[in-house]
Amino acid sequence: MKNNILITMGILVLLGIAIQGVFGIITGVLLSAILGIIYGAVKRNKQFLHWSVIALTIDILCIIFFYFCLIQSGM
């Protein structure tokens, strides 16, 4: 089951890249992290949950940093 979840996460990231380009990486990682958190909580897999939360945190920080830099650039 764990392999299926990891394959699904990879497909989500690749679909994000195919549909949105470089910004699809952010969306794909965000959706994959949420999927990983749900899987980790349901199966009580602490390691999977831990890494998914780390990925979600990094992704949210990168989104905030991107918007902050966008506002500062004056575009």
Q | Hydrophobic cluster membership, Leu30 vs Tyr67, 4.5 Å side-chain cutoff | A | no

Q: Please collect all side chain to side chain donor-acceptor pair (under 3.5 Å) contacts where either partner lies in residues 16-27, sequence neighbours excluded, each pair once.
A: Gln20-Thr27

Q: Mind jotting down which residue pairs meet the side chain to side chain donor-acceptor pair (under 3.5 Å) criterion with at least one end in residues 6-15? Sequence neighbours excluded, please.
A: none

Through direct or indirect side-chain contacts below 4.5 angstrom among Ile, Leu, Val, Met, Phe, Trp and Tyr, which residues connect to [X]?
X	value
Val22	none
Trp51	Ile54, Ile58
Leu15	Ile7, Ile11

Q: Keeping to residues at least two apart or across chains, list the ring-ring contact (aromatic ring centres under 6.0 Å, His included) pairs with something in residues 2-23.
A: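 Of all non-adjacent pairs touching residues 2-23, those that pass ring-ring contact (aromatic ring centres under 6.0 Å, His included) are Phe23-Phe66.
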
Q: Before giving the answer on side chain to side chain contact (heavy atoms under 4.5 Å, CB included), spell out for Ser32 and Val13 the whole-Å C-alpha distance, their side-chain angles and the decisive distance to 0.1 Å.
A: CA-CA 7 Å; Ser32 295; Val13 172; 3.8 Å; yes

Please enumerate all residues that pass side-chain contact (heavy atoms from CB on, under 4.5 Å) together with [X], with sequence neighbours excluded.
X	answer
Ile25	Ile17, Val29
Ala55	Ala33
Phe65	Cys69

Output a table of donor-acceptor pairs, distance under 3.5 Å, between side-chain atoms of residues 34-49 and any protein atom two or more places apart or on a different chain; print 'none' if there are none.
from, atom 1, to, atom 2, distance (Å)
Asn45, OD1, Gln47, N, 3.4
Asn45, OD1, Phe48, N, 3.3

